[in-house]
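Note that these values count all heavy atoms, side chains included, but never hydrogens, waters or copies made by symmetry. Quick caveat: nothing in here was measured; it's all calculated off a predicted structure.
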Amino acid sequence: MQCNYCERRCEIPEGKTGVCRMYTFSGGNIIERFPHRWSACSTSVIESMPFYHVYPGSRCLTIGTASCNFRCSYCSNAHIAKEDPELQQEKMFNIPPVELVAMAKRMNCRSIIFNVNEPAVSIPSLIETSREAEKAGIMMGCLTNGYMTEESADILASIFSFFNVSLKGLSDNFNKTFIGIGSSEPVLRNIKRLATDRYVEITTPVIQGENDNELNSMAEFIAGINPSIPWHVFRLLPEDEMKDKEYPDISFINNALTEARKKLPYIYFHNFVGSDWVNTICPSCGSVVIERFSLGCGGDKLKTDHTTEGCCKSCGREIHLL
Amino acid sequence: MSTAIIDARGWQSSFDLKTGEKVQPESDAQRIVKEVLQKHPYPGDMDKASNRWVSDTALELIENYTPRFVFLSYAAQYFSLRYNPMTDENRSKLISEALNEAKRFIELSGYTPIIVGTGDMTPLIGNIDITRLEGLALCTNWSARYAGLYEPSDKDMTLLNSHPFIEKIIPREEIVRLFNGTPEQAQRVPEFLMVARKGYAFKALSPTMKVPVMTPSDCITVPVFIPGSDINDITGIRDELEKLTAKKNIALIILEGAGVNDFPLPYRSCINGKEWFTYETGDAQYLTISSGEHRFFDYPKGYKYYDETDVNNDFPFSGYFKSIPVNTFASSFPGRSIAVGNKSMFMHMVTGADICIECFSRNMFNQGTMAVIHRDDK
Ligand code: SF4
C-alpha cells in the first residue's frame, strides 16, 4: 500500500516499512510503528528553535521522534535522523500525549515545538498530542523539511499553528546531491500552502559554493509569498558527512545577502556565536525593535523586546509577530 | 569589566561578558588573545587533537602573557569514555594518553604540576526513568547520579522509595544542614535530592538521545598528584596553591574521567565530598578545588535551571552561570594567571584566572573558541 504522508509516497508491502522506517502496512492501513516514543523532551526558549517572531522570549517544551525522510549530508542530528528507528527505541522516552502536555503545563511552557526530526514521519502521535495540547490551551509549532504531501500539509496545518520550514536549496542538482530528493518543488508548494493560514518562518543552511548562488532566488520566492516572512540564513556547521569541510566564510555569505535584504525586511544570518544579524529592525524607521543574543547551534536567546503591543516604539509600524 | 572574545572560525567579536553588549577590543591582552584564538582553532570535543589543543593554546598564552599560575582542564578522554564502549585496557590507555599530553605541557612550560583526577567512571548498568512522575524531576548540567524532585505525589514517593536503583532520597533540609546553607541558598535546592546507585543514571527530560555508556562512579576519594603535600581532601588544594605559588610557577591540571583506579601517577587519595555526598565532575567540584570550600549551592544538583537561564540575561555566553563565582584561587592571586580547558564554556567561571580560553561547544557541536579576560592590569 502507498504511504501518502510525504512526497516519497513509498509503496509499503504488508509488514514492511518505507524509506523513513516509521510506518508499516498492517491490517489494511498504514500505521505508525512507534507511537508516543520521543527522542527528545526538554524545555528551551523559543528563539533557540529558531522562532524569532513567535511569542519572543517564551518557554517551550521541545520534542522529537526518530528518523527522517531526507538524507541530508550535513545532518546535525544524524544519530537520531539517520539511524534505524527500531534500534533507537530502548533509548527513547515513552510518554503518552496527555502526560507530555501535563509536563509542558507544569514547566510553564507556552508552546510545544517538534524540533528534532521531520514531523511527517510521526503524524498520528502528533495528532493525538495536538488534541491534548488544545484542551490545555497550549499551541504547537514545528520545524519541518516541507516535503510532506498536500494531504499531509493540511493535516500538519491542523496540528501546528506555526512552522519553520527548511528551504535547503532550489536546484535539482543540489537537492539530489545534498538532500537525496529529486526536486524542491514540493517544498516550495508546501511553504506557499502553509503560509496561507499558518504562521511561517523559513531557514536555509548555506553551504558556500553550493547554494549561496541561490540566495537571491530564494529571497524572491519568499517575497512573492509574503515579504514579512522571517528568513533565517544559517552558516552551515560542518557535521555528519561534511564534517571535514571548511566552515563557510561569514563575511562572504553576509555580502551575498545584500540584494536579498532589499526584498525581505526580516533576514537573520546566524547559527554561529556572536552574530551581528539577529536583531529585528523596524522596516519603516530602522529602529532596533527586538534584540537577541546569538549563541549558535540552538542557543539563541531574547535580549530585549522593545515593541509595544507588537509595534515599533519609535514609529508605530506593526511588526510581523505571532 | 570582563571581556569575552569569541572566535567562530574566521569571525571574531568581543563582548562585555556580563551584558553581552559588543565592545571594541583595545588592550594588549585583548590583542594577544585574539591572535592566540586565531592560531589555535578548536578541533572538536571528540577529536584526537582536542587535548593537544589545550596544551598548545596554554603554551602560546604563556609565551605572550607570562603567568605565574596556570589552570588547565583536559576533558577529551572524558567525552570518549562517556560515549564510546571500550575495554578496561583501552580506558586506562586513554587516561594515560591524556596524562602524556599534560606531561608534554609540563616539560615544555617548566611549571610545577598539581594534577587532580575528577573521579572514576563506571559502566552504565541501567537507567532510572523519572519522566513519568506526577511531580517534576530534573537532572542538571550533565549530572547523572543526582536528580532533583519537586512536588512529588504520594504515589511518586512510594514508587521512588522502593526503586531498586535509587540509593537515597534526601530532603532539602538535610542538604541545607550538610552544607550550612542560608535560607536564600535553600530556596534553590530541590525539595528532594535523589541519588542513584553506582552504575545507574537518572533518565530525566533531555534535549538529546545521546546515551552514555559510562557514568561517574560514587567517588568518595579522587587522586591528587601533589608531591610533598599531606592533604587528604580536595578542599585542601587551595591552601597548597597559596603556599606553592609563593615559591614557583604552578600548573593546576584537571584530568577529567581519571579516578583512583586508573590514575597513572603516585597520588594522594583525597576526600571528594561530604558525608553521603560525592562530587561528580562539574562546576561544584572545580569550584571546591579552586576555592577550598564546598560549593554545592552555586548551582545545586537538580535545581530548576530553566527558571534562571530563561529569564536572566546576564552572562549570555556563560551557559547556566548567572554570576562570576566568588573566592576562586586565581581571582585573588596577585600574580598573573591563565586557564585553558576543553570542557565547554566553563573555565572562565570556575577558575577566576585573568585570561581564560575554552572551546565554545553546544551539545558537543563545535562552534569555535571563547576567551575571557577578567583582568589585564597586572
Ligand atoms: S513518511 Fe516515510 S514511509 Fe511514508 S512516504 Fe514518507 S518516507 Fe515513505
request  = Take B:E134 and A:R106 through the test salt bridge (Lys or Arg N to Asp or Glu O under 4.0 Å) and record every step on the way to the result.
outcome  = CA-CA 10 Å; B:E134 287 170 351; A:R106 214 179 297 146; over 6 Å; no
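- At least one donor-acceptor pair closer than 3.5 Å links the side chain of B:N313 to the backbone N or O of A:L302.
- Looking at heavy atoms from C-beta onward, B:D307 lies in side-chain contact with A:R59 at the 4.5 angstrom threshold.
- For the set A:A102, A:G57, A:G274, A:S275, the entry with the most heavy-atom pairs within less than 4.5 Å of chain B is A:G274.
- Salt-bridge annotation for A:D276 and B:K22: present, with a side-chain N of the basic residue lying under 4.0 Å from a carboxylate O of the acidic one.
- Separation of atoms CZ (B:F15) and CZ (A:F293) is listed at 9.5 Å; rounding is to 0.5 Å.
- Minimum interatomic distance between A:V273 and B:A8 (heavy atoms only, all atoms of both residues): O-CB, 3.9 Å.
- Heavy-atom distances place no part of B:A4 under 4.5 Å from chain A, backbone and side chain included.
- Sparse packing is recorded around NZ of A:K245, with 12 or fewer heavy atoms of other residues, nucleotides or ligands lying under 6.0 Å away.
- Looking at A:Y247 and B:N366, their side chains come closer than 4.5 Å, going by heavy atoms from C-beta outward.
- Counting heavy atoms from C-beta outward, A:W38 and B:T131 have side chains that stay 4.5 Å or more apart.
- If you measure heavy-atom distances from B:Y305 to chain A, the contacts under 4.5 Å come from the side chain alone.
- To the nearest 0.5 angstrom, A:C41 atom SG is 5.0 Å from B:L205 atom CG.
- Within the model, atoms CG of A:L295 and OG of B:S318 stand 9.5 Å from one another, a figure rounded to the nearest 0.5 Å.
- If you measure heavy-atom distances from A:F93 to chain B, the contacts under 4.5 Å come from both the backbone and the side chain.
- Interface residue B:N312: only backbone heavy atoms are found under 4.5 Å from chain A.
- In plain terms, the two heavy atoms of A:S42 and B:S206 that are nearest each other are CB-C, 3.6 Å.
- The 12-atom threshold is exceeded at NZ of B:K322, counting heavy atoms of other residues, nucleotides or ligands nearer than 6.0 Å.
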task = Check step by step if side chain to side chain contact (heavy atoms under 4.5 Å, CB included) holds for A:S251 and B:W11.
result = CA-CA 8 Å; A:S251 302; B:W11 176 258; 4.2 Å; yes
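- Side-chain N or O atoms of B:K304 include none that pairs as donor or acceptor with a backbone N or O of A:M107 at under 3.5 Å.
- If you tally non-hydrogen atom pairs under 4.5 Å between each of B:D129, B:T19, B:D7 and chain A, the highest count goes to B:T19.
- The CG atom of B:D310 sits 9.5 Å away from the OG atom of A:S58 when rounded to the nearest 0.5 Å.
- A:Q89 CD: more than 12 foreign heavy atoms inside a 6.0 Å radius.
- A:K303 has its side chain out of reach of B:P316: every pair of non-hydrogen atoms, C-beta onward, lies at least 4.5 Å apart.
- Using a 4.0 Å cut-off between charged nitrogen and carboxylate oxygen, A:D249 and B:R9 do not count as a salt-bridge pair.
- Of the two parts of A:E90, only the backbone, made up of N, CA, C and O, holds a non-hydrogen atom closer than 4.5 Å to a non-hydrogen atom of chain B.
- Atom OH of B:Y306 is separated from atom SG of A:C109 by 8.0 Å, given to the nearest 0.5 angstrom.
- For B:L138, the part sitting under 4.5 Å from any heavy atom of chain A is the side chain, from C-beta outward, and nothing else.
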